[in-house]
Amino acid sequence: MDLHNKLLEVSRLFRIDYEYLGYETIQMGNVNRTYKVNFLLPDGTPKSFLVQNINTYAFRNPIGLMDNIDKVTEHIRAKKPGQLALHFHHTADRKTYVVDGKNFWRMTNYVHSITFNAVSDLQIVRNAGAAFGEFQMDLEDFDISELIETIPGFHNTRQRYENFRKAVREDKAGRATQVQEEIDFLMSVEDKACTLTDLLAAGELPLRVTHNDTKINNVLFHPETNDPMIVIDLDTVMPGLMGHDFGDAIRFAANYVEEDCRDYEKVGVNLDVFRAFAEGFLSKTAKTVTPKELETLALSCFVLTAELATRFLADYLDGDLYFKIRTPDHNLVRTRCQIALAKDMLKKLDLMETIVRECAAAAK
Ligand code: GN1
Ligand code: MG
């Protein structure tokens with residue numbers, strides 16, 4: 001069945017009976033496939049929904065994942081009744097998903113909004129920082145044991161390095177010799193990149209419920225006012241560290257260029273964006289952040305950047321099985337961009353640490 005008819009069939013299973021107009025592919029995320037599915041209400045007004053095809057190579061337990069999302073969204077909704085939330089549609093037998101063969105479908109409301117990739121408007125960045133900080137705080141009293149790990153060891157950097165080493169060893173796509181320089185660099189920073197993982201194992205950093213995929217385009221903003229409306233992409237909400245969310249957000253938002261930019265000499269941390277995000281994030285989290293978390297917040301940006309570089313490069317070596325690619329060397333370009341960013345972060349680490357301390361002091 002072609003996609004046009006498949007999306008119609010899925011929508012009908014989610015009990016959307018309006019007149020079907022067709023679909024648009026949404027460029028969102030590097031893992032799942034997302035479609036905006038358009039209908040016409042009986043009175044002639046257009047109405048859209050988002051349908052996603054979950055990548056079950058990445059998410060091996062999609063039913064457990066939907067269960068996590070249900071619990072987390074319920075918890076937040078109970079705290080903030082009436083506030084805009086993601087709503088997952090149900091089938092006739094009350095399921096939030098439709099399985100057909102290897103495909104795992106879900107449907108949510110479509111929120112008219114805007115998103116940002118590279119941002120220079122500091123107020124938007126500050127707002128995004130506050131939105132992610134607030135998200136963690138909303139879940140501060142959530143019982144961690146209720147959540148499954150949707151991707152086990154997602155930000156376990158030691159484990160990521162093991163996977164990376166395995167990919168280098170197996171060299172499935174025969175590409176290892178052309179990327180020796182990248183492999184050597186990542187190996188040389190392994191211990192530093194594993195700082196958070198090691199501190200967690202030593203009991204020096206607290207586990208929290210975290211988002212774990214805090215790209216700034218996972219905050220939906222109001223199209224007219226630019227106010228943050230909602231945090232989306234809850235697939236990786238699970239136990240994690242505060243630095244995972246802070247670090248991943250900076251990795252994405254504070255880079256001068258997008259995460260797959262080929263102009264490696266343009267890559268780097270914009271410290272104004274860094275400060276604005278830290279201000280927003282700490283305005284919500286300063287009351288609960290521990291001294292060790294604060295001390296490692298700037299370093300967490302390097303950690304998340306290096307970790308993702310190992311993931312992109314491992315996928316390149318495996319033959320591009322995990323991340324969606326748009327060019328044959330996409331994962332290599334992503335790797336090189338993240339390595340350039342990681343190097344710049346090491347240079348600016350002292351400055352970033354000072355900024356974090358200043359923002360925390362101002363927020364208290
Ligand atoms: C993936 O699919 P998306 O864009 O939300 C990945 C993140 C990476 C990101 C890099 C489940 O996120 O961990 O940081 O790509 N998500 C998963 O762009 O692996
Ligand atoms: Mg995601």
Side-chain angles (χ1 to χ4, degrees), residues 25-35 50 52-62 64-66 68-69 72 86 104 106 108 115-118 128 131-132 135 147-157 159-160 163-164 167 193 196-197 210-220 230-241 243-255 257-261 267 300-316 318 320-327 330-339 341-342:
T25 302
I26 303 279
Q27 294 306 337
M28 186 166 105
N30 291 327
V31 174
N32 298 322
R33 294 183 190 279
T34 306
Y35 308 96
L50 275 193
Q52 283 191 305
N53 187 347
I54 301 296
N55 178 335
T56 49
Y57 178 76
F59 295 104
R60 304 292 168 108
N61 179 1
L65 176 156
M66 289 309 294
N68 271 10
I69 291 182
V72 164
L86 275 191
F104 189 97
R106 68 180 175 201
T108 65
T115 56
F116 301 93
N117 290 329
F132 283 126
F135 184 83
L147 296 177
I148 62 144
E149 273 192 274
T150 53
I151 298 181
F154 192 58
H155 285 313
N156 180 329
T157 317
Q159 196 173 308
R160 291 293 185 186
N163 296 345
F164 173 50
L196 294 190
T197 301
T210 50
H211 183 283
N212 295 307
D213 190 5
T214 45
K215 302 206 270 198
I216 199 169
N217 57 19
N218 279 332
V219 182
L220 303 186
I230 185 175
V231 171
I232 60 160
D233 189 2
L234 307 184
D235 297 334
T236 50
V237 173
M238 54 187 159
L241 301 176
H244 293 152
D245 283 359
F246 184 82
D248 197 43
I250 293 297
R251 173 195 76 68
F252 190 81
N255 193 349
V257 293
E258 297 203 15
E259 69 177 11
D260 55 358
C261 174
V267 175
S300 74
C301 307
F302 167 78
V303 167
L304 272 283
T305 305
E307 180 190 277
L308 186 59
T310 69
R311 297 176 58 198
F312 284 147
L313 191 50
D315 199 36
Y316 183 69
D318 285 344
D320 309 309
L321 302 173
Y322 187 98
F323 295 103
K324 288 188 275 183
I325 54 165
R326 285 186 294 279
T327 57
H330 204 160
N331 274 318
L332 180 56
V333 173
R334 288 166 170 152
T335 304
R336 290 184 170 151
C337 182
Q338 296 306 297
I339 287 180
L341 182 62

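Atoms within each ligand, like the ligands themselves, are counted from 1 in listed order. Start at 1 with the first residue, then count along the sequence.
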Under 4.0 Å from a heavy atom of D233: which atoms of ligand 1 are those, numbered in the order shown and with their elements? 5 (O)
Answer side chain, backbone, both or neither: which part of R334 comes under 4.0 Å from ligand 1, heavy atoms only. neither
Step by step, would you call L308 with E259 a side-chain contact (heavy atoms from CB on, under 4.5 Å)? CA-CA 10 Å; L308 186 59; E259 69 177 11; 4.3 Å; yes
The protein heavy atom nearest to atom 2 (O) of ligand 1 is N30 N, 2.8 Å
N217 (side chain) donor-acceptor with F116 (main chain) under 3.5 angstrom: no
Criterion side-chain hydrogen bond (donor to acceptor under 3.5 Å, both in side chains) on D235 and N32, from CA distance to verdict: CA-CA 10 Å; D235 297 334; N32 298 322; 2.9 Å; yes
Just to be sure I read this right, does ligand 1 sit under 4.0 Å from the backbone of V31, its side chain, both, or neither, counting only heavy atoms? both
Verify whether one side chain among D233 and Q52 offers a donor that lies under 3.5 Å from an acceptor in the other. no
Side chains of D320 and N331, donor plus acceptor under 3.5 Å: yes
If you have a sec, read the angle at the Mg ion (ligand 2) from D233 atom OD2 over to D213 atom OD2, to 10 degrees. 110°
For G29, the ligand 1 atoms with a heavy-atom partner under 4.0 Å come out as 2 (O), 3 (P), 4 (O)
Under a 4.0 Å N-O cut-off, is there an ion pair linking D315 with R334? no
Identify the closest protein heavy atom to atom 13 (O) of ligand 1: which residue and atom is it, and at what distance? R311 NH1, 2.8 Å
Counting heavy atoms under 4.0 Å, the part of E259 that contacts ligand 1 is side chain
How are the rings of H211 and F135 set relative to one another: parallel (under 30°), tilted (30 to 60°) or perpendicular (over 60°)? perpendicular
Identify, for atom 7 (C) of ligand 1, the protein heavy atom at the shortest distance, and state residue, atom and that distance. D213 OD1, 3.7 Å
Answer with side chain, backbone, both or neither: which part of H244 has a heavy atom less than 4.0 angstrom from an atom of ligand 1? neither
Is D235 touching ligand 1 with its side chain, its backbone, both, or neither, if touching means heavy atoms under 4.0 Å apart? neither
Measure F252 to ligand 1 on non-hydrogen atoms and call it side chain, backbone, both or neither using the 4.0 Å cut-off. neither
Where does L308 meet ligand 1, judged by heavy-atom distances below 4.0 Å: at the side chain, the backbone, both, or neither? side chain
Under 4.0 Å between a Lys/Arg side-chain N and an Asp/Glu carboxylate O for R311 and D318? no
Could you list which atoms of ligand 1 come closer than 4.0 Å to a heavy atom of Y322? 11 (C), 17 (C), 19 (O)
Report yes if some N/O of K215 lies less than 3.5 Å from some N/O of ligand 1; otherwise report no. yes
Rounded to the nearest 0.5 Å, what separates atom CD1 in I216 from atom CZ in F252? 8.0 Å
Scan side-chain atoms only and decide if Q338 and T305 contain a donor-acceptor pair under the 3.5 Å cut-off. no
